[in-house]
2 protein chains.
Amino acid sequence: MRWDEIDSQVCSVARTLSLIGDRWTMLILRDCFLGVTRFSDFQKSLGITKHRLSDRLTKLVDSEIIKKQVYDTSHNRYEYKLTKKGVELYPVLMSLVSWGDKWTVDNDGTPLEYIHSSCGNKIKAGTLCEHCDDPVSAFTVTPILGPGILKKINRGELVDFDNQSIYKSIK
Amino acid sequence: MRWDEIDSQVCSVARTLSLIGDRWTMLILRDCFLGVTRFSDFQKSLGITKHRLSDRLTKLVDSEIIKKQVYDTSHNRYEYKLTKKGVELYPVLMSLVSWGDKWTVDNDGTPLEYIHSSCGNKIKAGTLCEHCDDPVSAFTVTPILGPGILKKINRGELVDFDNQSIYKSIK
DNA sequence: ATTTAAGGTTCCATAATGGAACCATGAAAG
DNA sequence: CTTTCATGGTTCCATTATGGAACCTTAAAT
């Protein structure tokens, strides 16, 4: 299977990664969340080549994760800004940051810190269950088949689907 | 800048993506969390070519996100399992799932559902601040320079560092 | 003696990426 | 009024990464 076919997998991870899972894309989005909007600023911040940046921005606009707006009509200058769909990728970014802060930090400490305006403290972000407020971890979650897979099985699609692993989960 | 140099950026996102940000790696980890452990099962589940899978597994073992263990000494058969470092990537996976469930779902519904063993409900995972329990979103978080950057600036490294964007953040 | 299963490696054609050069527009400088 | 600069790109080409198929190795099973 080629990479550009992974969105055919009936899997939210695969479908999401088909949009944001290639080189540079998440770093571009990191910059978006930090307030970068202009082509040349992305380029300086990232060290990406122009045509690669151009390609990635176009794809992100096509998938409606960012939008391209003229900010200077006389010059045709543009700014790229997150859409609602894009803003909602923030948990992905924060979870990457949290993990990186713990496992890839050097002796100097964490590169950035994040202040939560609700309480004024440094963020200690956790993934919690909104029903019980307990932390969500691989050991307290059991995946089960959802309608997105079950309906396709009932219609005879996914004939060679192997659901063994789902019921094993992580031990 | 080449992709294999991004871990030189003083940024937890870049450093994390240098380990798990290339094609296939997150999908391999998805399978790890679902209970897949064997080379051939990864290959069947992912549709990845053998040498690419071999390459990715080796890199994940090198970065201590998974470990390779013999499960059949007479045959030299191996299983790959998440380490503590790897298990802690679960929030990254769940945030990708949550976003994908919302923005990439088809008419049939979500592919998988996740039951939280703490409360028995379907997971509604949210990224919350552990100080105030309020949701963490791009609009309620302000990034500031941390010691990992400040100390390097004080030592005269990062001379051409541009922190403009950090103070803009997202509006 | 041959086949099968697991877990790979090798070879080669194709696709993605990186670096450098080039282009277009309008504003600013001399 | 000619040249230079800033922004936001595109083109060309060499280098890397990836995909597909074939092949390899060990030990058991037929």
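It should be emphasised that the depicted structure is a prediction, and the values quoted were computed from it without experimental measurement. For the numbers below, each heavy atom of this structure counts, side chains included, while hydrogens, waters and symmetry mates do not. Each chain gets a letter, A, B and so on, in the order the sequences are listed, and its residues count up from 1.
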S.K.: Restricting to non-hydrogen atoms, name the atom on B:G120 and the atom on B:I115 that form the minimum distance, rounded to 0.1 Å.
M.R.: O-CG2, 3.7 Å

S.K.: Take B:K44 and A:D4, find for each the nucleotide of DNA chain C with the closest heavy atom, and name the residue whose nucleotide sits nearer the 5' end.
M.R.: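 By nearest-heavy-atom nucleotide position, the 5'-most residue is B:K44.
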
S.K.: Are OP1 or OP2 of C:dT17 and a side-chain N or O of A:R56 less than 4.0 angstrom apart?
M.R.: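 For C:dT17, OP1/OP2 do have a side-chain N/O of A:R56 under 4.0 Å.
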
S.K.: Can a side chain N or O of A:S54 be found less than 4.0 Å away from OP1 or OP2 on D:dT10?
M.R.: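 Yes, within the criterion.
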
S.K.: Relative to the 5' end of DNA chain D, which residue comes earlier, A:L57 or A:M1, by the nucleotide with the nearest heavy atom?
M.R.: A:L57

S.K.: For the pair B:R52 and B:D22, find out whether any cationic side-chain nitrogen is under 4.0 Å from an anionic carboxylate oxygen.
M.R.: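 Salt bridge: no.
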
S.K.: Figure out the CG/P separation between A:L53 and D:dG8, and round it to whole Å.
M.R.: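 In whole Å, D:dG8 P lies 10 Å from A:L53 CG.
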
S.K.: Once you apply a heavy-atom cut-off of 4.0 Å, does B:F42 come out as touching a base, just sugar-phosphate, or nothing?
M.R.: nothing

S.K.: Between C1' on D:dG8 and CD on A:Q43, what's the gap in Å once rounded to a whole number?
M.R.: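 My rounded result for the distance is 10 Å.
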
S.K.: Send over the distance from B:L46 CG to D:dT18 C1', rounded to a whole Å.
M.R.: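 Distance, rounded to whole Å: 15 Å.
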
S.K.: With respect to the phosphate group of D:dA6, does any side-chain polar atom (N or O) of A:Y78 fall under 4.0 Å of OP1 or OP2?
M.R.: no

S.K.: Can you see if the side chain of B:S40 gets near the phosphate of C:dA5 - specifically, an N or O under 4.0 Å from OP1 or OP2?
M.R.: no

S.K.: Nearest to the side chain of A:K68, which nucleotide is it out of D:dG9, D:dG8, D:dT11?
M.R.: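 That would be D:dG9.
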
S.K.: Quick one: is C:dG18 close enough that its OP1 or OP2 comes under 4.0 Å of any side-chain N or O from B:R2?
M.R.: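 Negative; the distance criterion is not met.
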
S.K.: Looking only at heavy atoms, which two atoms of B:L17 and B:W3 are closest? And how far apart?
M.R.: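 Answer, listing the atom of B:L17 first, then B:W3: O-CZ2, 3.9 Å.
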
S.K.: Is any side-chain N or O of A:Y80 closer than 4.0 Å to OP1 or OP2 of D:dT7?
M.R.: no

S.K.: Using atom CZ of B:F39 as one end and atom C1' of D:dT25 as the other, report the distance to the nearest whole Å.
M.R.: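 Rounded to whole Å, this separation is 14 Å.
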
S.K.: CZ of B:R77 versus C1' of C:dG8: gap in Å, rounded?
M.R.: 11 Å

S.K.: If you check every side-chain atom of B:R52, which of D:dG8, C:dA5, D:dG19 has the closest atom?
M.R.: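 Closest nucleotide to the B:R52 side chain: D:dG19.
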
S.K.: If you check every side-chain atom of A:K50, which of D:dG9, D:dA6, C:dA5 has the closest atom?
M.R.: D:dG9

S.K.: Identify whether the distance between the nearest side-chain nitrogen and carboxylate oxygen of B:K152 and A:D106 falls below 4.0 Å.
M.R.: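 A salt bridge links B:K152 with A:D106.
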
S.K.: Can you measure B:I48 atom CD1 to C:dT9 atom C1' for me and round it to whole angstrom units?
M.R.: 15 Å

S.K.: Just how far, in rounded Å, is C1' of D:dA17 from CG of B:D22?
M.R.: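 Interatomic distance, CG of B:D22 to C1' of D:dA17: 10 Å.
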
S.K.: Per the atom types in the model, does the base of D:dG20 pair as donor or acceptor with the side chain of B:H51 at under 3.5 Å?
M.R.: yes

S.K.: Does OP1 or OP2 of D:dA17 have a side-chain N or O of B:W3 closer than 4.0 Å?
M.R.: no

S.K.: Could you state the atom-to-atom distance from OH of A:Y71 to P of D:dT7 in whole Å?
M.R.: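 About 7 Å, once rounded to whole Å.
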
S.K.: So, does A:W24 get its side chain near the phosphate of C:dT17, meaning an N or O under 4.0 Å from OP1 or OP2?
M.R.: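 A:W24 to C:dT17 OP1/OP2: no side-chain N or O under 4.0 Å.
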
S.K.: Going by an N to O cut-off under 4.0 Å, is there a salt bridge joining B:K44 and B:D31?
M.R.: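 No, no charged N to carboxylate O under 4.0 Å.
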
S.K.: Quick one, A:D101 with A:T110, criterion side chain to side chain donor-acceptor pair (under 3.5 Å). Give me CA distance, side-chain angles, the key distance, then yes/no.
M.R.: CA-CA 6 Å; A:D101 280 350; A:T110 58; 4.9 Å; no

